[in-house]
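Have a look at the structure below before the remarks.
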Amino acid sequence: MANYFNTLPLREQLNQLGVCEFMDNSEFSDGVNALKGKKIVIVGCGAQGLNQGLNLRDSGLDVSYALRKEAIEQKRDSWKNATSNNFNVGTYEELLPTADLVINLTPDKQHTAVINAVMPLMKQGATLSYSHGFNIVEEGMQIRKDITVIMVAPKSPGSEVRSEYVRGFGVPTLIAVHPENDPEGKGLAWAKAYCVGTGGHRAGVLLSSFVAEVKSDLMGEQTILCGLLQTGSILSFDKMVEKGIDAGYASKLVQYGVEVITEALKHGGVSGMMDRLSNVAKVKAFELSEELKDIMRPLFQKHQDDIMSGEFSRTMMEDWANGDANLLKWRAETGETAFEKTPAGDVKIGEQEYFDNYLLMVAFVRAGVELAFETMVEAGIKPESAYYESLHETPLIANTIARKKLFEMNRVISDTAEYGCYLFDQACKPLLADFMKKIDTDVVGKNYNEGKDGSVDNQQLVAINEVLRNHPVEIVGTKLRKAMTAMKAIKTA
Amino acid sequence: MEPLVRITGLNLRYQQKQVLNNLGWTIQHGENWLLGGASGSGKTSLAKIIAEMQSAAGELKIDFNKKSRLPAEVLFVESWYRFKNIEGLSNFYYQQRYTSLQANETVTVKAELQHYGKDKNLEFEEAEKLMEALNFSALKNSQLLELSSGEHKKLQLVKALWLKPQLLIIDQPYTGLDALSRRKLNGLLDEAVAAGVQLILICNDKELPASINCYAEIENGQLKRLDSQDEISVSYQRQSKDLPDFLQVRPGYTSDEILRMIDVSIRYGDKQVLKNINWEVRAGEKWLLQGPNGSGKSTLLSLINGDHPQSYANNFYLFGNKRGSGESIWDIKQHTGIISPEFHWYFDATSTVWQSIASGFYDSVGLYRQLPFSKSAKVDELIEFFELTEHKNDLLSALPLGKQRLVLLARTIIKNPELLILDEPCQGLDQQQTAYFNQLVDELSVNGMTIIYVGHFASALPSCLEKRIELNEGEVVAIETLAESCLA
Ligand SMILES: NC(=O)c1ccc[n+]([C@@H]2O[C@H](COP(=O)([O-])OP(=O)(O)OC[C@H]3O[C@@H](n4cnc5c(N)ncnc54)[C@H](OP(=O)(O)O)[C@@H]3O)[C@@H](O)[C@H]2O)c1
Ligand SMILES: [Mg+2]
């Protein structure tokens, strides 16, 4: 199998990368009708599988689960989750031949094997869906020509897909139809109906392409989302301990700080986050983040280049073939970092304190979000796509750090994210060595405002605000956030 | 000996209102108080000040008995509290407890109690006795998420009675408890007093532990000592008034059959929650649903409201259609309005009063749409009717509990639903608030709305109810008219 993107002529590459249309509500007025009475079979019952299935069934659709034999025989969690919620469960042979829509929600790394087992059993003219396009784009999986191939990719973890649905809302979602597999021209109608069934249409839907989704998703997850949050967290923790801040406090500040800080992104974007700082602190964070952007830009560009050329997925798949040697080594290293091993102290940290005492993370987040966005757009990805894969997802990922630190973040997101994250982290830490030498506890661990009279040069402040607010990620973000009005209150631990 | 508590010159303002005004209170050793009176009079604030969970101007002196073996501690059991998941968050949604998930989100009752016991240096055996006495032992291995609000109350009470602090303050101790559990609780409180605990109970309930020997209420920000419980001020009566026009019409029924269940059963692993339920409700009927804590009432209602994943394996009809025949949960919810303590618990804390009520049009938890003028006019009208106009733009969570409940009632009726499900709607409310709420239900009932009401106490029910279904351990043990049940 050859990398699908690389088989395309440049014109078509740009064409597919540029598919990006924010869909109007009226495009979903047909509801789930296109799928009414159709037999939907979901392969895999994990985080996405179970929760998407619960939503689709609650939307009036006919859902069952095809699990691999071992999972059924050994009554694994996937089997238990499906049966105890009263879903019909069966083997591939039992369920796939009559399925109208087969939804593949197994881990990306397994897709080639899963599709090879599933496809021969699918009936003529059936539809196959993914929630991530890696298999199609990077592995170049070829799907039988009578089969329609679509994508419905919720931009949230499975648990949120469910909780937002039952509240009467949804999570932002990307949908796409694979241009090589739309023999009957029904792909878009089915993708829309499926999206309505998960509630996604209430929170903003982007019509995308497999190519655009994959190239932007990979870039986002390995740079800002997982990569930089990991690097920033570890460097911050180590710095605090080096400078004598209590390790329990440092651990808590880092673990929960990224969640509290990035939560502000949900409401007001990067400028909203920066506005949580005092004027003096904002000026400092701005200066640090400018410096960070200059230092890290080449690294972000390298990641984007490798993703575009297929170099990234080639080396990752090599590692898959090599028994995950690199991945396992890096994973073990992350598990051994001092931050990971120091439990959060039993101290109360107020919401504002997370901003005042962790200005460095604010600078990291601004630098990372803007860089990821800028680099994606330069590479031909449209601003809306770039927004979802950078700013929008940052608080969602930060949430997983607050839950169980980095090791867990890496395990729950996805195997591609984990691999890419380590790759980034390995390169980024040495890059920031000189920068970190200058960092002291005034920007990480202690309140930056302490001992300052709070006055700033007004003109400088105005200029900074101007720069922040006019960044393209803010402009597109303001528009997209309007579409998702429901934002949860800021949580503090 | 110094008194246990001496309070002088206590002042507390909340927004424009002087809640506590130069209040003084002395609690001698051996005294056990009932603090009653109108809601919003400052009882909970006063309790929190004594427990040092809230600060106020004035003097508070607590003189614990140094010779006592009981912890020199004030423990305040709140009437409304939030539990957390394993990661320390409490962002649950209320349907979550009906969904089976292999990964545990919250700890079990037992783990929670073990942790508490270790922290406080207590013998676990003692907790087991208390659980037994409150009929709570069967839930030892349940996750916190699976408990109903009444069961959460019991967990709080077990902790308090286990710790036996020198001063124990309980806000609404009987909330959500069935009649038997209430009596048991009174016995346990008396035992605690015998062991040296002093009590302050905040409530207006009539059946109290025998050890209660002092009475008071807060009047105009000051503590007023009373000779007996009977002197506690009785409430103001609601002037009944005309419902808004849009609620004075019979709901638009699509079928005369509201629900029909045929041998409905629910189980989680080997725990059977509902067993062969057969039940029919017809348009306009007013039902009382009863049964002890944990008998399956809320689960039964979750089936009717489209909230239970196991609906799909059961045989029942809602509004004339077979469940699981291609309808969405939103199609079902369109016909119904629901309030339950759990629903309230998990309701969106970031909504304003106006948004909360408006969200009833779409059955969403929080408002995500722009309302057309015709609908927003109805919201305004209903807010007026419920006398909530001044709170219109306040956050729901900033209102006193009784008012929050009224907002949720307004939310459920804003679309004039065919079926109104009121699952312990008055839980946590005092007698006056309960009477007020039930009077409203009676007013609402006259135009043909179907009602299912869950309540434990005959004295605290709306008068419109006419039929009764009773559950015990997941089975129907009685279906009768209320007249019949009175004869029995
Ligand atoms: N997680 C997210 O936040 C997220 C967001 C958007 C999109 N997605 C996409 O959603 C898809 C599913 O991800 P997920 O996070 O839901 O995965 P997951 O939680 O790891 O679940 C995977 C499921 O697939 C089954 N499975 C694993 N290996 C298999 C194999 N070789 N053959 C058949 N079944 C297998 C597992 O069950 P058994 O092992 O018991 O068989 C399990 O039920 C991926 O394409 C991912 O990129 C994920
Ligand atoms: Mg209940």
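Residue numbers start from 1 in every chain, and the chains themselves are labelled A, B, ... in the order their sequence lines are given, proteins ahead of strands.
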Can you tell me which portion of L61(A) sits under 4.5 Å from chain B's heavy atoms? Options are side chain, backbone, both or neither.
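Neither part, no heavy atoms under 4.5 Å.
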Within the side chain of Y268(B), is there an N or O that forms a donor-acceptor pair under 3.5 Å with the backbone of S84(A)?
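Checked: no pair found.
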Suppose we screen for salt bridge (charged side-chain N to carboxylate O under 4.0 Å, His left out). Which residues come up paired with K415(B), at least two apart in sequence or across chains?
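D363(B).
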According to salt bridge (charged side-chain N to carboxylate O under 4.0 Å, His left out), who are the partners of E418(B), at least two apart in sequence or on a separate chain?
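Applying salt bridge (charged side-chain N to carboxylate O under 4.0 Å, His left out) to E418(B) gives none.
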Give the member of S59(A), G37(A), G31(A) that has the highest number of heavy-atom pairs under 4.5 Å with chain B.
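Highest number of pairs under 4.5 Å: S59(A).
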Roughly how far, to the nearest 0.5 Å, is [atom2] of [Y] from [atom1] of [X]?
X       : Y       : atom1 : atom2 : result
S328(B) : R57(A)  : OG    : CZ    : 13.5 Å
F169(A) : L367(B) : CZ    : CG    : 10.5 Å
E164(A) : S364(B) : CD    : OG    : 11.0 Å

Check the surroundings of atom [atom1] in [X]: do more than 12 heavy atoms from other residues, nucleotides or ligands lie under 6.0 Å from it?
X       : atom1 : result
D346(A) : CG    : no
E70(A)  : CD    : yes
K39(A)  : NZ    : yes

Where along residues 317-326 of chain B does a heavy atom come under 4.5 Å of chain A, listed by residue number?
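So the qualifying residues are R323(B), G326(B).
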Could you tell me which residues satisfy ring-ring contact (aromatic ring centres under 6.0 Å, His included) with W79(A), sequence neighbours excluded, listed by chain and number?
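Per chain and number, W79(A) pairs via ring-ring contact (aromatic ring centres under 6.0 Å, His included) with no residue.
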Using distance alone, with no hydrogens and no angle criterion, decide if Y312(B) and D58(A) have a side-chain donor and acceptor under 3.5 Å apart.
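D58(A) and Y312(B) do have a side-chain donor-acceptor pair below 3.5 Å.
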Show the nearest heavy-atom pair for residues P309(B) and L54(A), with the distance to one decimal.
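So the minimum-distance heavy-atom pair works out to CB-CD2, 4.3 Å.
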Closest non-hydrogen atom pair between R202(A) and W330(B), with its separation:
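Smallest heavy-atom distance, with atoms named: NH2-NE1, 3.7 Å.
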